[in-house]
Structures are given as structure tokens and as C-alpha cells.
Amino acid sequence: MSPALLQKQPVDDRPPLRIHTPPAQQYAPFGNVEARNDLQARLEIPTMLLALGLPLGGRVLEVGCGRGVALPVLNAGLLPNSLIGLDIDPALIQEAERRIQAHGVHATLIEGDVRDIPLASSSVDLVVDFGTCYHVGGGVDGSRLALGEIARVLRTDGLFVHETPVAQHLAHPVRSFGRTLPWTSVPVLARDRSAVLWAVRRKRAWWVR
Ligand SMILES: C[S@@+](CC[C@H](N)C(=O)[O-])C[C@H]1O[C@@H](n2cnc3c(N)ncnc32)[C@H](O)[C@@H]1O
């Protein structure tokens with residue numbers, strides 16, 4: 001087993017949550033479309049980085065990293081001190097590992113659940129999500145858990161970059177119909193900036209509510 005995959009063990013000391021997701025509400029995977037991956041890597045993510053003007057460096061986490069398409073682009077564009085990819089699907093984590101190795105990128109890959117992120121509180125500077133929180137198992141409750149976990153692992157003033165409903169509806173018009181994220185459940189994540197397809201929330205200090 002490679003060093004990257006050894007990092008699958010939880011690195012915080014909370015007991016894992018027991019998340020029961022009824023079968024009808026389980027995550028349904030999207031098919032792999034190489035042309036779509038290519039478009040994302042060559043055009044979408046570089047455009048997003050340019051449009052949002054994100055800070056460089058720091059500890060960057062991509063939730064739902066899947067096959068790792070975004071990781072080399074995030075690495076080149078954000079120059080993180082450390083880069084982490086998290087996905088619930090072990091086969092995709094393996095693929096992501098092959099991809100980052102092929103690109104000569106160092107990232108820690110974690111097989112884990114965004115609804116129970118195995119990282120310490122306030123330990124991440126920037127979280128990126130290309131749609132996972134919209135489609136996570138457990139419906140709105142699942143999205144609520146995921147956003148709560150993202151808020152927990154972000155440090156104060158840390159940023160959460162996510163797709164807007166516009167991006168979701170363009171990419172998956174049927175599946176995304178009527179889906180929004182339950183922001184009212186995470187008032188600690190305040191609107192920061194937006195660029196049509198992507199938006200950023202900033203974690204407020206605990207005394208600013
Ligand atoms: C919309 S895809 C995005 C994949 C990739 N980031 C991309 O842009 O191609 C959602 C990803 O989230 C992962 N996922 C689904 N539920 C998850 C969960 N509860 N925790 C972590 N990852 C999850 C899936 O395995 C899939 O790779």
C-alpha cells in the first residue's frame with residue numbers, strides 16, 4: 001500500500017458518527033465522462049481560480065475528490081502547503097492516487113465521508129467542493145451534516161468554495177432540479193464572493209454571529 005493511502009485512518013480523536021442512510025437516499029454515482037474531466041481540468045477549474053481570486057498556500061481539502069481530476073489543477077493554481085482529497089468511494093480514491101502520481105503531485109488521499117470528516121476541527125484553510133454536498137446521501141439532512149462538518153474543519157476566516165445552483169442545473173438539469181444547499185443550518189459560513197457558477201463562504205469568528 002502506498003504512503004498516501006496509509007493516510008486513510010482518522011486523524012482526529014472524535015468517535016466516528018454512525019450515519020444511517022436509508023437505501024432510497026443513498027448517493028447515486030455519476031458516470032465517468034473523460035471529455036467532461038478534461039474540460040473541468042483545462043477550463044473550468046482554472047477559470048474558477050481566476051474568477052474567485054483565492055488565496056495561495058495553506059491546507060486545502062477537496063471533498064468528493066472522486067478520480068482526482070481537480071487535484072493537480074488545485075495544486076498548480078493554489079500552491080497549497082498541503083493538499084487533501086477525500087472521497088467515500090475506495091475505487092475512486094485508488095484512481096485518484098494513480099492520477100496524482102502520474103502528475104507528480106503530492107496529496108493525502110482519504111477514504112472517508114464528508115458527513116463525518118476525519119480531520120481535526122479548525123485544521124483546514126480552504127475547502128473545495130465540486131457538487132458533492134448537493135448529492136450526498138441522506139437528502140437535505142445529509143447536506144446539512146456535510147456543511148456542518150466543512151464548517152467544523154475550517155479555521156476561522158477559512159474559505160469554502162462550492163458550485164452554485166446555476167452550475168448544478170447546467171451540469172445535471174434533471175437530478176439537480178429544485179436542489180439548493182441548507183445554508184440556514186450553518187450560519188457560521190457567511191457569504192463572501194461569487195462568480196455565477198461558483199461561490200465562496202467564509203467561516204466567521206465564533207464571536208461574530
Ligand atoms: C459530483 S461527484 C464530483 C467528483 C469530482 N470532484 C469531479 O468533479 O469530477 C461527487 C463525488 O463525491 C463522492 N461522494 C459522494 N458521497 C460522498 C460522501 N458522503 N463523502 C465523501 N464523498 C462522497 C462521490 O464518490 C463522487 O466522487
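Order of appearance sets the numbers: ligands from 1, and atoms from 1 within every ligand. Worth saying up front: this structure is predicted, and the values here are computed from it rather than measured.
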- Item | Distance-only polar pair, side chains of N32 and E34, donor-acceptor under 3.5 Å | yes
- Do R155 and S121 meet the criterion of a side-chain donor-acceptor pair at a distance under 3.5 Å? no
- Query: Listed by chain and number, what are the salt bridge (Lys or Arg N to Asp or Glu O under 4.0 Å) partners of R98, not counting sequence neighbours?
  - Reply: none
- Message: Would you compute the distance between atom CG of D125 and atom OG of S82 and round it to the nearest 0.5 angstrom?
- Response: 8.0 Å
- Message: Would you compute the distance between atom CG of D113 and atom CG of L145 and round it to the nearest 0.5 angstrom?
- Response: 8.5 Å
- Item | Derivation of the side chain to side chain contact (heavy atoms under 4.5 Å, CB included) call for W198 and T47 | CA-CA 10 Å; W198 309 279; T47 307; 4.2 Å; yes
Pairs under 3.5 Å, N/O atoms on ligand 1 and on the protein: can you put them in a table with the distances?
from: ligand 1; atom 1: 6 (N); to: E62; atom 2: OE2; distance (Å): 3.2
from: ligand 1; atom 1: 6 (N); to: G64; atom 2: O; distance (Å): 2.7
from: ligand 1; atom 1: 8 (O); to: Q40; atom 2: OE1; distance (Å): 3.3
from: ligand 1; atom 1: 8 (O); to: Q40; atom 2: NE2; distance (Å): 2.9
from: ligand 1; atom 1: 12 (O); to: T132; atom 2: OG1; distance (Å): 3.1
from: ligand 1; atom 1: 19 (N); to: D113; atom 2: OD1; distance (Å): 2.8
from: ligand 1; atom 1: 20 (N); to: V114; atom 2: N; distance (Å): 2.9
from: ligand 1; atom 1: 22 (N); to: I88; atom 2: N; distance (Å): 3.3
from: ligand 1; atom 1: 25 (O); to: D87; atom 2: OD1; distance (Å): 2.7
from: ligand 1; atom 1: 25 (O); to: D87; atom 2: OD2; distance (Å): 3.4
from: ligand 1; atom 1: 27 (O); to: D87; atom 2: OD2; distance (Å): 2.7

